[in-house]
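The structure under discussion appears below in the form of C-alpha cells.
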Number of protein chains: 2
Amino acid sequence: MLSIGDLSRRTGVKVPTIRYYEQMGLIEAAERSEGNQRRYERDDLERLAFIRHARDLGLDIPAIRELIALSQHPSEPCADADRIAADHLAAVREKIQRLKKLEQELERIVSHCDGGHSIEECYVIRALSDHRLCEGEH
Amino acid sequence: MLSIGDLSRRTGVKVPTIRYYEQMGLIEAAERSEGNQRRYERDDLERLAFIRHARDLGLDIPAIRELIALSQHPSEPCADADRIAADHLAAVREKIQRLKKLEQELERIVSHCDGGHSIEECYVIRALSDHRLCEGEH
DNA sequence: GATAAATGCTCTAGTTACTAGAGCTTCAAG
DNA sequence: CTTGAAGCTCTAGTAACTAGAGCATTTATC
C-alpha cells in the first residue's frame, strides 16, 4: 500500500498532478485509509507510469484516455492505438517545421543587429514594424 | 478613422483580440465615437501590425510590451531589443531540439506497429507501458 | 426619416494541464 | 503523547485568447 507521496516519488508525477489525473478520470479513484487518505497498489503505479510516459511524449489527456481504454481490450486489433501515435507523430513533425521557419526568420533578424546602435536604426524593431522585410511567410 | 472591424480586416487580428490587446496595454485605449465605439487611426494600424508580426514570430506579450516601450525611445541603444530577439531565438531552438527527440522516439514506436495485430501485442501500448523500451531519455 | 442588418459594446466564463495557497486533518516517529 | 510531515478539499491563477449573452449603435436601403 502506497501513499500518494510514495506514488509520486516512484513515478516522478507530483502529488497535486496525481489528484488532477484522478479528477480527469485517467486513474481510478483510489481506495482510502480510515482517515480518508488515498492508498495505492502496484497496478496504480503502472498505470501512472504509463500516463507519465505518454505525457512526456507529448500526448494530450484525451489521447491518453483513449489509449488506456484501448489497453483494456487486449484482444481487439490495435489499429486505433497505432493511429493515435501516428497522428501525434505527424503533429510533432508539423510543429517542428513551423518552428524551423521561425528559427530562420529570427536568425535573419538577429544577425542584422549587433546591439551596438540606436533603436531608431535597429533591425529587430524595423523588421517587426515592416513585414516586407521578411523572407518567408509566417 | 477606422472602426475596430476595419482595423481587424486590415491587420488580420480578430476583433476580440484587439480589445484584449487594449486591455493588456499593448495598444492605447482608442478614442471613442459619440456612441462609445472605438475609432482608430493610421498609428494604431502600424502598432497593431507590429504586434501581430511579433506574435506570429512567437514572442509573448511581456516581450512585445518591452519592445514597444523600447521603440518609443528611438535614440537609446538597441542592445535590449537585440537581447529579446536573441533570447527568443534560443528558446525556439531549444524547443526544436526537444521536439526532434520526441519525433525520433515516436517514429521508432510507430514503426514497430503496423496496426495489424492485437492490443495485447501492440508495440505502441507496450512501449508506453515500459519506459525501458525507449532509446533516448525524454 | 424609418427600419433592419451588421457591427459594436461590456461582462462572464471556458480553453489546457497543471500549480499555488489557504485552512484544516491525519499519520508516523520519537 | 506530542510534533512535524504529509494529506485532505476547495478556490483561484497561469497564457493568450475565444465564445456567448444581452444590449446599443451605425449604416444601408427604402
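Quick note on labels: first sequence line is chain A, next is B, and so on, each numbered from 1.
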So does B/R108 pair up with B/E105, basic N to acidic O under 4.0 Å?
-> yes
Length of the line joining B/M24:CE and D/dA15:C1', which is rounded to integer Å = 10 Å
Integer-rounded Å distance: D/dA16 P and B/L59 CG = 10 Å
Roughly how many Å is it from CD in B/E34 to P in C/dT7, rounded to a whole number?
-> 22 Å
Note: contacts of residues 11-21 of chain B with DNA chain D (heavy atom, under 4.0 Å) are B/K14, B/T17, B/Y20, B/Y21
Rounded to the Å, how far apart are A/R9 CZ and D/dA5 C1'?
-> 10 Å
Flag yes if more than 12 heavy atoms outside B/R32 fall under 6.0 Å of its CZ atom; otherwise flag no.
-> yes
Please confirm whether the backbone N or O of B/A127 pairs with a side-chain atom of A/H53, one donor and one acceptor, at under 3.5 Å?
-> yes
Calculate the interatomic distance between B/Q23 atom CD and D/dA15 atom P; express it in whole Å.
-> 14 Å
Only pairs under 3.5 Å count here: list side-chain donor-acceptor contacts from residues 57-78 of chain A, not counting sequence neighbours, and write none if there are none.
from: A/D60; atom 1: OD1; to: A/A63; atom 2: N; distance (Å): 3.1
from: A/R65; atom 1: NH1; to: A/M24; atom 2: O; distance (Å): 2.2
from: A/E66; atom 1: OE2; to: A/R83; atom 2: NH2; distance (Å): 3.4
from: A/S71; atom 1: OG; to: A/I68; atom 2: O; distance (Å): 2.7

Output yes when a side-chain donor or acceptor of B/R126 lies under 3.5 Å from a complementary backbone atom of B/E121, and no otherwise.
-> yes
Residue met sooner reading DNA chain D from 5', once B/P62 and B/R39 are mapped to nucleotides | B/P62
Quick one: is D/dT9 close enough that its OP1 or OP2 comes under 4.0 Å of any side-chain N or O from A/R38?
-> yes
First of A/N36 and B/D6 reached from the 5' end of DNA chain C, by closest nucleotide | B/D6
Given atom CD1 of B/I64 and atom C1' of D/dA16, what is their separation to the nearest angstrom?
-> 10 Å
Should A/S33 be listed as having a side-chain N or O under 4.0 Å from OP1 or OP2 of C/dC27?
-> yes
Taking 4.0 angstrom as the limit, do A/R93 and B/E103 come out as a salt bridge?
-> yes
Could you check B/D60 against A/Q37 and say which one's nearest nucleotide on DNA chain D is further toward the 5' end?
-> A/Q37
Hey, is the side chain of B/S3 poking within less than 4.0 Å of OP1 or OP2 on D/dT26, counting only N and O atoms?
-> no
Please report, rounded to the nearest Å, how far the C1' atom of C/dC18 is from the CG atom of A/D56.
-> 14 Å
May I ask you to verify if any side-chain N or O of A/R32 is less than 4.0 angstrom from the OP1 or OP2 atom of D/dT9?
-> yes
Under 3.5 Å, is there a donor-acceptor pair between the side chain of A/S111 and the main chain of A/E107?
-> yes
Euclidean distance, atom CE of residue A/M1 to atom P of C/dA28 [Å, nearest integer] | 12 Å
